[in-house]
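These numbers were taken from a predicted model, which means no experiment stands behind them. The first residue in the sequence is number 1, and the count goes up from there.
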Amino acid sequence: MADRDADEVPSELELPDDALVAAVAAVSTIALTLALEYGLGADPPILARLAPLAPYFLSVFTRRIDLGPVDTVRAWSGLTVAVTLGVFLFYAT
């Protein structure tokens, strides 16, 4: 087995943008479900609990459209968190 140069070995694991947005959506969906069930004692419909997945699917299906500076991982993740908080606050009131 040949020795590798330090330049060839990546120092960090680089994930695709879709994977990062999907991770935020997954964590938000689980957190929302747990917060609604155990925090508020509410039992909303399944579509309300899966609402944080909507921004992820929007990001996947709008890849071919040039959205300019808005099409970033940070923007899609922020939208996911905003949707999650919006659903939580809707059922909290």
Side-chain angles (χ1 to χ4, degrees):
M1 184 176 265
D3 291 333
R4 293 187 179 192
D5 293 336
D7 297 335
E8 293 179 18
V9 180
S11 60
E12 295 180 11
L13 178 64
E14 295 182 22
L15 295 174
D17 291 346
D18 289 344
L20 294 172
V21 176
V24 171
V27 169
S28 296
T29 303
I30 293 169
L32 177 63
T33 301
L34 293 175
L36 288 172
E37 186 173 337
Y38 296 113
L40 297 178
D43 188 25
I46 188 75
L47 288 178
R49 289 183 277 158
L50 295 178
L53 295 177
Y56 168 69
F57 286 114
L58 274 174
S59 73
V60 170
F61 292 128
T62 60
R63 283 286 165 210
R64 295 183 180 170
I65 301 171
D66 184 23
L67 297 176
V70 180
D71 193 17
T72 62
V73 174
R74 182 177 288 179
W76 288 113
S77 299
L79 181 61
T80 302
V81 171
V83 167
T84 304
L85 290 174
V87 171
F88 180 78
L89 291 175
F90 177 78
Y91 284 98
T93 57

Of all heavy-atom pairs between Pro52 and Thr80, which one has the smallest distance, and what is that distance?
O-CG2, 3.5 Å
Of the non-hydrogen atoms in Ala48 and Val87, which two are nearest, and what is the gap between them?
O-CG1, 3.5 Å
Do [X] and [Y] belong to the same hydrophobic cluster, where Ile, Leu, Val, Met, Phe, Trp and Tyr are linked whenever their side-chain heavy atoms lie under 4.5 Å apart, directly or via other members?
X	Y	value
Ile46	Tyr56	yes
Val83	Leu53	yes
Val27	Leu85	no
Leu20	Phe61	yes
Leu79	Val60	yes

Under 3.5 Å donor-acceptor, Thr62 side chain and Ile65 backbone
no
Quick one: does any side-chain atom of Ser28 pair with a main-chain N or O of Ala25 as donor and acceptor, under 3.5 Å?
no
About how many Å separate CZ of Arg49 and OH of Tyr91, when rounded to the nearest 0.5 Å?
9.5 Å
Determine all donor-acceptor pairs shorter than 3.5 Å in which one atom belongs to a side chain in residues 30-44; sequence neighbours excluded.
residue: Thr33; atom: OG1; partner: Thr29; partner atom: O; Å: 3.0

Option passing side-chain contact (heavy atoms from CB on, under 4.5 Å) with Val73 (candidates Asp18, Asp17, Val24)
Asp17
Does Trp76 form a side-chain hydrogen bond (donor to acceptor under 3.5 Å, both in side chains) with Asp71? I'd like the steps, not just the answer.
CA-CA 7 Å; Trp76 288 113; Asp71 193 17; 2.8 Å; yes
Take atom CZ in Arg74; do more than 12 heavy atoms of anything else shown fall under 6.0 Å from it?
no
